[in-house]
Amino acid sequence: MRREGSPWRGLSAVLFRELFDNLTSARMLVLQLLVILFGGVVVYFAAEQIRNTTAEDPFLFLRLFAPPGQSLLSFVTVLSILIPLIAIGLGFDSVNGEYNRRTMSRILSQPIYRDALLLGKFLAGLATITICLITLWLMVIGFGLVRLGIPPSAEELTRCVIFLLVSIAYAGVWLSLAMLFSILFRSTATAALTSLGVWLFLALLWPALAQLIGEVISPSDIRFAQLGLPTPDTVAWQQGLARLSPGTLYGEAVLAMLSPEAQSLTNLLAQFQGRIMGAPLPVGQSILSAWPQMVSLIAGTILLYVAGYVVFQRQEVRA
Amino acid sequence: MSDTVIEAAGLTKRYGEATAVNDISFAINRGEIFGLLGPNGAGKTTTILMMLGLTEVTAGTVRVMGYDPGREPLQVKRLVGYLPDTVGFYDHMTATDNLRYTAGLIGIPVAERAKRIMSSLDRVGLADVANMKVGTFSRGMRQRLGLAEILMKEAAIAILDEPTSGLDPHATSELLDMIRALKRDGVAVLLSSHLLERVQSICDRVALFHSGRIALLGTVPELARQVLGGGYTVEVEADGQGLAERLAALPGVRSVEQPSPGHFRLLAEGDMRPQAAAAVVGAGGQLRHLAVEVPSLDAIYNRYFQNQDAQHAA
C-alpha cells in the first residue's frame, strides 16, 4: 500500500520550532555552561602544560585536545562524557513529552506524517548539539591561537575538523538512543533514567566486562602467556566486544585523528605497509584506520533511529 | 458533491481480544451537528481516531469527503479540524506562536498566516491574550484556542472530542455558542461527549454509544418517541371536575397520572401545553400551573438500557 503525499511535509516547520525550543530552553543554558566550564578549565591546563614543556612537537595544536600522557583531564575525555549527557538531556523527553503535554494528537491531526515529526525532532537535536560543539571547537582553537601563538598547520586543521565530525556522529548515537527510550516509555523520568543507565553501563562497566567475557569465550593460550604476549584470539574478542560501546569507538576514532603517532589500532597492518614504528601517519592513513569506527558510529545512529521510527509509527496516539 | 461528508460502514476496531468499536455505521451531512454520545470507554474516541487515520481500522470502511483516512491521511487531515479530549499546547509559547506553528504544519502561505491567526483568535475571544503564554490559560481558554486552530485551518469538518468536559457552566455555554457559529459557517461538526444533557441542545442528530456499538441513532425527539413512547411530560395543576378524563382524551397524550389531587402528569408525544390549557378551561376548571419537560437524553439512555437489560434477563 503506497501512501499519498510526501513524508517530508511539515519537516521544516517541526525542525525550526524544535531548534528554537532547544536553543532557548533553560536546559540548554545549563548544558552550555557545563560544557564551557569543563572545556575551558581542561584546555587551559593543557595549554599551560604545552607552554612549559614541549616546543618541538609537530602537532602542537592537537595536544590542546589530547595532551600526551594525560588521559583523565584531556579535552577529549571531557567531551566523551559531556556529549552523551547533552544528547540524552535533549532527547529523553522529545516524544513522550508531546504525549504528556497532550499535544501529540493535535499535532498529528495536521496534514503531516509521523516521519516529519520524528525526523524534525532528531535533526533539531543534532543541530543543537552541532552548534554547541562548533562553538566549543572554535573557542578551543581561538584560545590556542592566543595562548600558544602559532597557527595550526593545514594537516592539524583537517584532523581537527574530522574530530569535530566524529564527535557529532557520536552525539547522534546517544541522541537516537535517548529518543528511542522517549518513544518506548511514556514517563519522561523513566526514559531519562534508562538512557543514563545505559550510558553509565557502557561507559564504566562494559570495558571491564568486555575483557572478562572475551577471556571466557576465548581463554588465553598458555604458549602466548609464557612468552609474555597476549593471545591474539582473546584480544580480538575483547576488542570486538568493547567496540559495542559507542564510547570505545569514539575513543579509538579520536585517538587515530588526534594522535598521529598512535599505533594501537592497526599495528600489524602498518608494519606490513612498511611503516616505521613511532612515526606519525599521514592524514589519509589516519582516516583509513579510523574509518570502521566512524562508519560504526553512523550506522549505530541510523539503527537506533530506525528502531524508534518503527515503534513510533505503530504507536497508538491516545494517551 | 454529495451532502454526506463522513460515511462509516461496518466500522470495527479490535485491540487484541477486546473489541473497542463493533460494526458501526452512520453518515454525517454537511452543516449539521452530530453528537457521538455515550459513557467513557464506549468507543467514541476510537471512532474519531479511525476517521482521522490516526489508528488503523480493523474492519469496515470510513470515508471523509470521499477520502479513505487509511490511504489518504493527508487529504483527510487537510479537511478536518480536530480538537482532542483535553487539548494541550506548548505552555511556554504564546497563543499566537502556538497557532503559527500549526499554520506551518498545515502549510498556510506565510503572507496569510498573521491575518488568519488574528481573525480566528478574535472570533473565539482570545485576541487580547494573543501574546500571553498558554501556560497562564484556563481550561476554557485552551479549548477556545483549540477551536481557533480549527477556524484558522478553515476546515470543512470539525471533530470535537469531549469539548465541554471539565468546563464550568459559563465556559460551557460560551463554547457551545462557538460551536453553533461553526455550524452557521457551513462546517459539519461531530462532537463526542459523555455529558448527554449538556450537548443535547445543540445536536441535530445523535448516536448513542454503548459498549462499542451505536445503540440508537436519530434526532432527540425521534429517539424520545421510539424509546420513551412520547417523551414530553406536561405538568398540569388545576381544579375541576373530570379533568383527568378530558386530558387523557386529547390526541397525542399517551397517559395521565395523578400524583396528588389537582395535579396531573401527562405523557405526550409533543409539547401539549396549549391543548391541555384549552381542555382545562373548556371543562370550566381553574388552571394554576402548567409546565413542560422536554425529553432528556439521559432519560432516553437510561430507559433504553433498562429495557435491554430486562430483555436479557427474560
Side-chain angles (χ1 to χ4, degrees), chain A residues 1-29 93-121 124 186 188 310 312-319, chain B residues 13 15 20 44-46 48-56 67-93 97-108 110 113 134-135 142 145-146 149-150 152-153 155 157-159 161:
Chain A
M1 183 161 98
R2 227 185 125 73
R3 40 180 199 183
E4 52 98 28
S6 159
W8 313 125
R9 219 182 157 276
L11 178 64
S12 65
V14 177
L15 175 60
F16 285 118
R17 196 205 77 87
E18 294 287 330
L19 191 59
F20 182 76
D21 231 33
N22 284 344
L23 291 177
T24 53
S25 65
R27 180 192 309 180
M28 195 60 213
L29 201 69
D93 66 344
S94 64
V95 173
N96 48 18
E98 298 274 348
Y99 284 109
N100 294 339
R101 277 177 300 205
R102 298 185 164 276
T103 44
M104 185 59 98
S105 51
R106 190 173 59 84
I107 297 303
L108 287 183
S109 74
Q110 307 308 332
I112 57 161
Y113 280 113
R114 294 185 191 195
D115 308 46
L117 188 65
L118 197 65
L119 191 66
K121 280 176 174 291
R186 280 291 159 94
T188 50
V310 170
F312 182 54
Q313 288 287 348
R314 298 177 169 275
Q315 210 158 44
E316 288 295 334
V317 174
R318 61 193 312 176
Chain B
K13 175 72 183 179
Y15 294 104
K44 303 186 300 284
T45 302
T46 310
I48 288 172
L49 292 179
M50 283 194 285
M51 284 190 275
L52 285 164
L54 290 179
T55 193
E56 272 175 53
Y67 295 109
D68 178 353
R71 282 170 178 271
E72 299 149 302
L74 295 193
Q75 282 294 350
V76 169
K77 289 194 271 188
R78 237 170 244 136
L79 295 165
V80 179
Y82 174 46
L83 178 68
D85 186 6
T86 55
V87 63
F89 289 90
Y90 300 103
D91 284 350
H92 58 282
M93 286 161 60
D97 285 342
N98 265 294
L99 288 190
R100 192 172 293 133
Y101 176 44
T102 320
L105 294 178
I106 297 169
I108 296 175
V110 180
R113 277 181 204 173
V134 178
R142 281 162 201 264
L145 186 55
E149 191 178 272
I150 295 174
M152 177 187 75
K153 200 171 180 178
I157 303 168
I159 297 182
D161 196 356

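Being a predicted model, the structure only gives us computed values, none of them experimental. Every heavy atom of this structure was used, including side-chain atoms; hydrogens, water molecules and symmetry mates were not.
- For L49(B), the part lying near chain A is the side chain, with the backbone staying farther off; criterion is any non-hydrogen pair under 4.5 Å.
- Separation of atoms CZ (R101(A)) and NE2 (H92(B)) is listed at 6.5 Å; rounding is to 0.5 Å.
- Taking all atoms of both residues into account, the shortest heavy-atom contact from Y101(B) to L117(A) is OH-CD1, 4.2 Å.
- Both the backbone and the side chain of Q75(B) come within less than 4.5 Å of a heavy atom in chain A.
- The distance from the NZ atom of K153(B) to the OG atom of S109(A) is 5.0 Å, given to the nearest 0.5 Å.
- When heavy atoms are compared at a cutoff of 4.5 Å, R314(A) does not approach chain B at all.
- I107(A) approaches Y90(B) most closely through the heavy-atom pair CG1-OH, 3.8 Å.
- Proximity to chain B is limited to the side chain of E98(A), based on heavy atoms less than 4.5 angstrom apart.
- Residue Y15(B) qualifies as enclosed at atom OH: its count of foreign heavy atoms under 6.0 Å is above 12.
- Heavy atoms of F16(A) lying under 4.5 Å from chain B are absent altogether.
- For chain B, the nearby parts of R106(A) are the backbone and the side chain; heavy atoms of each come within less than 4.5 Å.
- The environment of CZ in F312(A) is crowded: more than 12 heavy-atom neighbours from other residues, nucleotides or ligands sit within 6.0 Å.
- Contact count against chain B (heavy-atom pairs under 4.5 Å) is highest for I112(A) among N100(A), I112(A), L11(A).
- Contact detail for G104(B) and A13(A): the closest heavy-atom pair is C-CB, 3.9 Å.
- In this structure, P111(A) and L74(B) approach most closely via the heavy-atom pair C-CD2, 3.5 Å.
- Residues V14(A) and L105(B) form a side-chain contact, since some pair of their non-hydrogen atoms from C-beta on lies under 4.5 Å apart.
- In this structure, R9(A) CZ and K77(B) NZ are separated by 10.5 Å, a value rounded to the nearest 0.5 Å.
- With a 6.0 Å radius and a threshold of 12 heavy atoms from other residues, nucleotides or ligands, Q313(A) has its CD atom above the threshold.
- Counting non-hydrogen atoms of other residues, nucleotides and ligands closer than 6.0 Å to OH of Y113(A) gives a total above 12.
- Across T55(B), L79(B), L52(B), T86(B), the residue that shares the most heavy-atom pairs under 4.5 angstrom with chain A is T86(B).
- Of the atoms belonging to D85(B), it is backbone heavy atoms, and not side-chain ones, that fall under 4.5 Å from chain A.
- If you take CG on L54(B) and CZ on R114(A), they are separated by 6.5 Å, rounding to the nearest 0.5 Å.
- In terms of non-hydrogen atom pairs under 4.5 Å with chain A, the most contact-rich of E149(B), M93(B), E56(B) is E149(B).
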